[in-house]
Each structure stands twice: as structure tokens, then as C-alpha cells.
Protein chains: 2
Amino acid sequence: MSEKTDLKRAGLKTTQPRLKILDILENSPVRHLGADDIYKNLLEAGEQIGLATVYRVLTQFESAGLVIRHKFEGGPAMFELNDAAHHDHMVCVKCGKVFEFVDSGIEQRQREAASKADFVIQDHSLYLYGICAGMHDHGRCSMEKNAA
Amino acid sequence: MSEKTDLKRAGLKTTQPRLKILDILENSPVRHLGADDIYKNLLEAGEQIGLATVYRVLTQFESAGLVIRHKFEGGPAMFELNDAAHHDHMVCVKCGKVFEFVDSGIEQRQREAASKADFVIQDHSLYLYGICAGMHDHGRCSMEKNAA
DNA sequence: GTATATGCAAAACTTTTGCATCCTT
DNA sequence: AAGGATGCAAAAGTTTTGCATATAC
């Protein structure tokens, strides 16, 4: 039960809704989920959890550093488990899937730009929007495993 | 009357609402504005323009390449005149102001990362969130001229 | 037992849309 | 005159909040 300890460590009571939501975030084959996706997921699993609770819990998880909240162009907020090294995102505007990538050089240059402007970075977001390999090669996404 | 030609060039009829909104975007001391800011600005100027029209016009301007729409963390969409070279943004979470910066190295590496993933970039956004020089040095923003 | 968390419903906020009317060409 | 643009009001979508009840420690 590491989910329980995850919550404790985050200073949150281990309640059923929190455990269930964390479970979905940890075990969903799709890594980036909207509050509504999680809510539907809970309903399908037969849980009696309100959408408001989903939002409240996700916001608490975000404050606790358990999840990262993304605001991609237009759509609703997407949540991702904060369980890996920092990375940026490519979002396919055709299939909606999200791909992650890392570039330490970009990170480095961001720090330099901020430092030059005497700006103290707390957070940053880099999103590339475009068309993924699968969609432009054969009209369907070829990288399901990294899916949205 | 270059505003008139701007609209013509964009394939848009020169209507009063469009002229007024373009005028605000061009002459406001604050470069990044929300639809609501523009609407209030119009009301203060005694104009009879509906908020729905402001949104419609801004969306048309965006399609025409006249403005760029930003979605900063949380808040409403912000619009900026597309009258300069591409740049990225630092957003001060204390004073709300927006600062622009350019780093060709970051742009280059973004292209490389996309290319490596066989991803065709259509658009991208890079936002740094943090505290600006003025706010952390003496509690008020020192760069009003670049203001939000 | 006490404080916190949850569920439901209602509200808040941003953005979009339907439709009658008005304006631009 | 004709088609597109606007204003208003209503709707849609996401997220937040108030409050009574239920739950965790």
C-alpha cells in the first residue's frame, strides 16, 4: 500500500476518494487525465464520488506535489502524476495525445534567460502543438503507449 | 488609418467594433489584455459593444494572425498584438505583469526535439512563472513599461 | 469525539451561440 | 439590396463553493 504512505507523506488523510483517485492516476494506461476523465473512470468502477471532490482532491494533490496540472490550448486542465523527472510536452492537435520529452539545454537556457532578467522562476511550462508521427504518416497514432 | 488597412489585409470588413478593438490593442499601455479588459476599456470609452462581439472579433483577429492568444496558468485568455518577432513570456505571479524574452537557442532545440520525435510543430508556448525583479527587490514592479 | 472530508446542488466565471436587427459595401 | 456583423440573452463548459452529513483518526 504505497498509495497510503504517499498520502501520509503529503500530509493528507487517507480517505477512500483520495485513494481511488490516486489509484487511477497511477494505473491508468493514459497518463494525462482531465478531472472529468477521472470522474467518469470512478463512476465506471462503481464508485460514489462527486465531481467536486475530484477537483478538490486534485487541487490538494497538486499543492502536495503529487500531481502536475497542465493547461493545454483550449481544453480543460489535465493532470499527470508527478512521479518522474521534469519533462516538457508535445500535444498532437489531431489525435489529442500527449508526448513527453526532455531537453536539458532548453532548461539551462530558460534559467539563463530568467537570471538575465532578474526573474526568479517558480515554475514553467513548455508545450509544442502539432501533428504526431502516427497521424501524419498513416492517419492514426502510432505511439499509444505514451498516449494522452 | 493603418488600422483600416490592417483589417482589409486580414480580409475583414472595417467595422466600428473591429476598429475600436484594434485601436485598444495598439494603443493600450498594457500589452497583454483579456477579453474582459478590452470590454471594460470599451465601456469606459463610452462604446456600445457587447462582450460577445469582443470575443468574436478577437477570435477572428487570431485566425487572421493579427493577435496571439495566450493561456497563462489559471486565468482567462490574454491577447497580444502580433506585431513583433516571436518571443516567449515570463509571468510574474505576484504582480501579474508579463515580460517578453527571446532565445533563439531554445527555439532551435525545440525544433530539434520535435524533429527527433517526427512531430510536426504548428505552434508552441513557453511560459516561465515566478517573481519579477521589482517585486522581489522592493515589493512593486519596476518594469511598468513592459506591463501585463 | 472532533476535526476534516465528502456529496449534492447551486453558483461563478469564461467563452460560445441563436436569432433578430443593423451596418458595410 | 445582400450578406456579413453585432447586440442581447441564453447556453455551454469548467471549476469553485456553501452547507449538511459522513468519515478518519
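Numbers restart at 1 for each chain; the letters A, B, ... are given by sequence-line order, proteins then strands.
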| query | Roughly how many Å is it from CG in B/Leu42 to P in D/dT6, rounded to a whole number? | reply | 12 Å
| query | Can you tell if the side chain of B/Phe101 reaches within under 4.5 Å of the side chain of B/His87, non-hydrogen atoms only? | reply | no
| message | Tell me whether the count of non-hydrogen atoms from other residues, nucleotides or ligands lying under 6.0 Å of NZ in A/Lys94 goes above 12. | response | no
| query | Who are the salt bridge (Lys or Arg N to Asp or Glu O under 4.0 Å) partners of B/Asp83, not counting sequence neighbours? | reply | B/Arg31
| query | Atom CG of B/Leu51 and atom P of D/dA5: how far apart are they, to the nearest Å? | reply | 19 Å
| query | Over how many whole Å does the gap from A/Leu58 atom CG to D/dT14 atom P extend? | reply | 15 Å
| query | Are any of A/Tyr55's side-chain N or O atoms less than 4.0 Å away from OP1 or OP2 of D/dT16? | reply | no
| field | A/Lys71 side chain near C/dT14 phosphate (N/O to OP1/OP2, under 4.0 Å) | value | no
| task | Measure from NZ on B/Lys8 to P on D/dA5 and round the result to the nearest Å. | result | 12 Å
| task | Just call it for B/Ala77: base, sugar-phosphate, or nothing, with non-hydrogen atoms closer than 4.0 Å on any strand. | result | sugar-phosphate
Under 3.5 Å between N/O atoms: give me all the protein pairs with nucleotides 4-11 of chain C, atom names plus distance.
from	atom 1	to	atom 2	distance (Å)
C/dT4	O4'	A/Lys13	NZ	3.3
C/dA5	OP1	A/Arg18	NH2	3.1
C/dT6	OP1	A/Thr15	OG1	2.8
C/dG7	OP1	A/Gln48	O	2.5
C/dG7	OP2	A/Gly50	N	3.2
C/dG7	OP2	A/Thr53	OG1	2.6
C/dG7	N7	A/Arg56	NH2	2.8
C/dG7	O6	A/Arg56	NH1	3.4

| field | Between D/dT23 (C1') and A/Leu19 (CG): distance, integer Å | value | 13 Å
| message | Checking side-chain polar atoms at under 3.5 Å, does A/Glu100 have a donor or acceptor matched by the opposite partner on A/His86? | response | no
| Does a donor on one side chain sit under 3.5 Å from an acceptor on the other, for B/His70 and A/Glu73? | no
| task | Figure out the CG/C1' separation between A/Leu33 and D/dT14, and round it to whole Å. | result | 16 Å
| task | Return the minimal non-hydrogen interatomic distance between B/Cys92 and B/Phe99, and the atom names on each side. | result | CB-CE1, 4.2 Å
| field | Distance, rounded to the nearest Å, where B/Leu7 contributes CG and D/dT6 contributes P | value | 10 Å
| said: If the test is side chain to side chain contact (heavy atoms under 4.5 Å, CB included), which one of B/Leu81, B/Ile24, B/Val67, B/Leu58 qualifies with B/Leu33? | reply: B/Ile24
| request: Write down the distance between NZ (B/Lys40) and P (C/dC13), rounded to a whole number of angstrom. | output: 11 Å
